[in-house]
Amino acid sequence: MMKEKEVQINLKWVLSVLPVNLIVIIIILAITSSFEGVINGYVLGQMTNIAFHNFANVGTFLLLVFTAYLVTYVSAYLFLLTNQKAIQYLNKKLKYTFFTSDFYQQKGLSVSSSDVINKVTSISNQIQRQYFQPLFNLIQCLMTIISTTVVVLKTNLLLGLIYIILLGCVLLLLTLSQWELVC
């Protein structure tokens, strides 16, 4: 008789299932797409410094801004596409794991294959919605926080520290409000 192996779906499992090159691409795209807020702040801050009578400077500025936005939004789009590809890998492995596990468990029972397939599909959809998608959203949020914090601290250390303190207070309040909803 075969011994049943328990599989835990966690970050270690996710990293073991995804190809290394896909993980690297996701990280790079998460970083490059995280600069939208920084670019917005930079553009608004530089608007007062532009000498509109010098068309060469205006053209250079507009070209740089266009390029920055293009890279950021193309990266954001590619980040979404790579997330979908990663979720495909994860769902394929997850369904295979659950499918073989369920058939192994139901071997002596009279359970139809369609019941097993429906159960596997239902569970994998729940895991995708409640774990895989939020995991990629978390990666994107962390990269945005890191990139914004680095740029703000490099721009002005004192204002950057105030920004970080205020951000921490907001995150604490959001966490507490979520905790109250759970309890």
Without swapping roles, check the side chain of Thr148 against the backbone of Ile145 for a donor-acceptor pair under 3.5 Å.
-> no
Q) Is it true that the side chains of Gln140 and Ser34 contain a donor and an acceptor less than 3.5 Å apart? A) no
Review point. So do the side chains of Val152 and Leu159 get within less than 4.5 Å of each other, counting heavy atoms only?
Key: no
Taken to the nearest 0.5 Å, the spacing of Asn156 CG from Ile162 CD1 works out to 8.0 Å
Check your understanding: Hey, mind stepping through Asn40 and Tyr69 against side-chain contact (heavy atoms from CB on, under 4.5 Å) and telling me if it holds?
Key -> CA-CA 9 Å; Asn40 289 335; Tyr69 276 119; 2.4 Å; yes
Item checked: Test item: Leu11 and Tyr131 side chains (from C-beta on) under 4.5 Å apart, heavy atoms -> yes
**Item:** Residue Tyr42 excluded, over 12 heavy atoms near OH under 6.0 Å
**Value:** no
Q.
Quick check: do Val58 and Asn54 have side-chain heavy atoms less than 4.5 Å from each other?
A. no
Does Gln133 form a side-chain contact (heavy atoms from CB on, under 4.5 Å) with Arg129? I'd like the steps, not just the answer. CA-CA 6 Å; Gln133 290 171 340; Arg129 272 192 320 274; 4.1 Å; yes
Heavy-atom closest pair (Leu18 atom, Ala86 atom, distance to 0.1 Å) is CD2-O, 3.5 Å
To the nearest 0.5 Å, atom OG of Ser16 lies from atom CG of Asn10 at 8.5 Å
Q.
Tell me whether Leu157 shares a hydrophobic cluster with Ile164, the cluster being built from Ile, Leu, Val, Met, Phe, Trp, Tyr side chains joined at under 4.5 Å.
A. yes
With Ile23 as partner, the option from Ile27, Ile25, Asn21 fulfilling side-chain contact (heavy atoms from CB on, under 4.5 Å) is Ile27
* Asked: Below 4.5 Å, heavy atoms only, C-beta onward: do Val20 and Leu15 meet side chain to side chain?
  -> no
Checklist entry - Is any side-chain heavy atom of Lys85 less than 4.5 Å from a side-chain heavy atom of Tyr89? => result yes
In this structure, CD1 of Ile127 is separated from OG of Ser122 (nearest 0.5 Å) by 10.0 Å
*So, Thr32 and Ser75: side-chain donor and acceptor under 3.5 Å apart, yes or no?*
yes
Starting from Phe66, can I reach Tyr73 by hopping between I/L/V/M/F/W/Y residues whose side chains sit under 4.5 Å apart?
yes
- prompt: Is there a path from Phe35 to Phe61 through hydrophobic residues (I, L, V, M, F, W, Y) whose side chains come within less than 4.5 Å of each other?
  reply: yes
Output for pair (Ile146 CD1, Ile31 CD1), nearest 0.5 Å, gives 8.0 Å
* Mind checking whether Phe132 and Trp13 have parallel, tilted or perpendicular rings, split at 30° and 60°? -> parallel
Here the gap from Leu172 atom CG to Leu167 atom CG, rounded to the nearest 0.5 Å, amounts to 11.0 Å
Taken to the nearest 0.5 Å, the spacing of Met143 CE from Ile26 CD1 works out to 11.0 Å
Q. Is there a path from Ile139 to Leu81 through hydrophobic residues (I, L, V, M, F, W, Y) whose side chains come within less than 4.5 Å of each other?
A. yes
Just wondering, do Val38 and Thr72 contact through their side chains at under 4.5 Å, heavy atoms? no
Same hydrophobic cluster for Leu153 and Val151, using side-chain heavy-atom links shorter than 4.5 Å among ILVMFWY? no
*Given side chains that start at C-beta, do those of Phe136 and Ile87 come closer than 4.5 Å, heavy atoms only?*
yes
